Amino acid sequence: MSSATYQSLRVSRQGTVCRIRMDRPQARNAINTTLVNEFRAALAEHRDTATVVVVEGLPEVFCTGADFAALGEGGQGGQGGQGGEGGARSGGGDPGPLYDLWLDLATGPFVSIAHIRGEVTAGGVGFAAACDIALADDTARFSLSELLWGLLPACVLPFLVRRTGEQAARYLTLTTQPVPVTDALRYGLVDAWDARSDDLLRRHLLRLRRLTKPAVTRCKAYFAELNPALAASRAPALAANREVFGDPRNLDAIARYVRTGRFPWEEEEVR
């Protein structure tokens, strides 16, 4: 796929560094089938030649999770994600492609860097957690809001636990509270932050450009052998994702939100 044909991404290449920017401003960089398929195609296009892959969003929003408009109406949607990680229906009935995309960022033969600015919700946390290195600016805010919708960050959690440990992942999942970049650094979700994150990224790339493709490929393969949990967690993660996105109550709550803008807990308050 030529870079010119991407609808939801902006892909550029400079030397051995490939930059993939999620670019769905009308949907606040929500995850839909097109974004997942194009992202996987971009990685396939550059995986054998790029040493570094930089994953970026927009300045105000990194990624807001599943496209609820697509989930609620069965189309591509445009209102943006509000809490899902990217459910079964957003992947054409299969959450596997999104999990495999994150698995490729975690284990593929390149150094993956998440350059994070602005809002990071639900599946957006999955993109951040899957990357080898996570860099952020001072506007970055992270939240796992799935439980508020009766959902579960099933596919996110294997990647998040790898980064933060189980207790921090449990805290973020159960509280659903947005946390600032300083807390994300303390939990291990972010490796470094700077108000001028472009400069922070540039400093890292100066060093990473010196790495050879064979060295990076061997290193990533060895890390995958040391920690096979991500591959082993695929089946239970997909099963849990299908269960919550197959619950009619959850789908009804999403559909009501798309129609009326009313959150599930606001529905409860009305009763």
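Since we're looking at a predicted model, the values are computed, not measured. The residues of the chain are indexed from 1 along the displayed sequence.
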- Side-chain heavy atoms under 4.5 angstrom apart, residues restricted to Ile, Leu, Val, Met, Phe, Trp, Tyr: same cluster for Y171 and L189? yes
- Message: Would Y99 and F159 count as a ring-ring contact (aromatic ring centres under 6.0 Å, His included) here? Give the steps.
- Response: CA-CA 10 Å; Y99 193 95; F159 300 90; 5.0 Å; yes
- Query: So R117 and E60, salt bridge (charged side-chain N to carboxylate O under 4.0 Å, His left out) or not? Walk me through it.
  - Reply: CA-CA 6 Å; R117 296 167 293 177; E60 299 82 16; over 6 Å; no
Show me the donor-acceptor pairs within less than 3.5 Å that the side chains of residues 201-212 make with the rest of the protein, sequence neighbours left out.
from : atom 1 : to   : atom 2 : distance (Å)
R202 : NH1    : D199 : OD1    : 2.4
H204 : ND1    : L200 : O      : 3.0
T212 : OG1    : A215 : N      : 3.3

- Which residue, V17, D104, L43, forms the side chain to side chain contact (heavy atoms under 4.5 Å, CB included) with V53? L43
- Message: With a 4.5 Å cut-off on side-chain heavy-atom distances among I, L, V, M, F, W and Y, is there a chain of contacts connecting V52 to L101?
- Response: no
- Query: Of all residues at least two apart in sequence or in a different chain, which pass the side-chain contact (heavy atoms from CB on, under 4.5 Å) check with A253?
  - Reply: R256, P264
- Taking atom CD1 of I31 and atom OG of S8, what is their separation to the nearest 0.5 Å? 10.5 Å
- Treat each ILVMFWY residue as a node, draw an edge where side-chain heavy atoms are under 4.5 Å apart, and state whether I113 and F142 are in one component. no
- Query: Are R196 and D194 within salt-bridge range, i.e. N to O under 4.0 Å?
  - Reply: no
- Looking only at atom types and distance, does a side-chain atom of N250 sit under 3.5 Å from a main-chain N or O of G150, one as donor and one as acceptor? yes
- Query: Would you say the side-chain atoms of T49 and R13 include a donor-acceptor pair closer than 3.5 Å?
  - Reply: yes
- Look only at the side chain of K220 and the backbone of V111, and say whether a donor-acceptor pair between them is shorter than 3.5 Å. no
- Look up atom CG in L238 and atom CG in D94, then write down how far apart they are to the nearest 0.5 Å. 6.5 Å
- Message: Closer than 3.5 angstrom, by distance alone: can the side chain of N29 be matched with the main-chain N or O of F62 as a donor-acceptor pair?
- Response: yes
- Following the transitive rule for hydrophobic clusters with a side-chain heavy-atom cut-off under 4.5 Å over Ile, Leu, Val, Met, Phe, Trp and Tyr, establish whether Y222 and I133 coincide in one cluster. no
- Among T182, L135, I116, which one satisfies side chain to side chain contact (heavy atoms under 4.5 Å, CB included) with W193? T182
- With sequence neighbours left out, write down each residue that passes salt bridge (Lys or Arg N to Asp or Glu O under 4.0 Å) with D137, or none if nothing qualifies. none
- Query: For the side chain of K213 and the backbone of P109, is there at least one donor-acceptor N/O pair under 3.5 Å apart?
  - Reply: yes
- Message: Could you check whether any side-chain N or O of T260 sits under 3.5 Å from a backbone N or O of R262, counting only pairs where one atom can act as donor and the other as acceptor?
- Response: yes
- On the 0 to 90° scale, with breaks at 30° and 60°, tag the F127-W102 ring pair as parallel, tilted or perpendicular. perpendicular
- Quick one: do E56 and R19 make a salt bridge, cutoff under 4.0 Å? yes
- Task: Output yes when a side-chain donor or acceptor of R10 lies under 3.5 Å from a complementary backbone atom of R21, and no otherwise.
- Result: no
- Kindly say whether L105 contributes a backbone atom to a donor-acceptor pair with the side chain of S112 at under 3.5 angstrom? yes
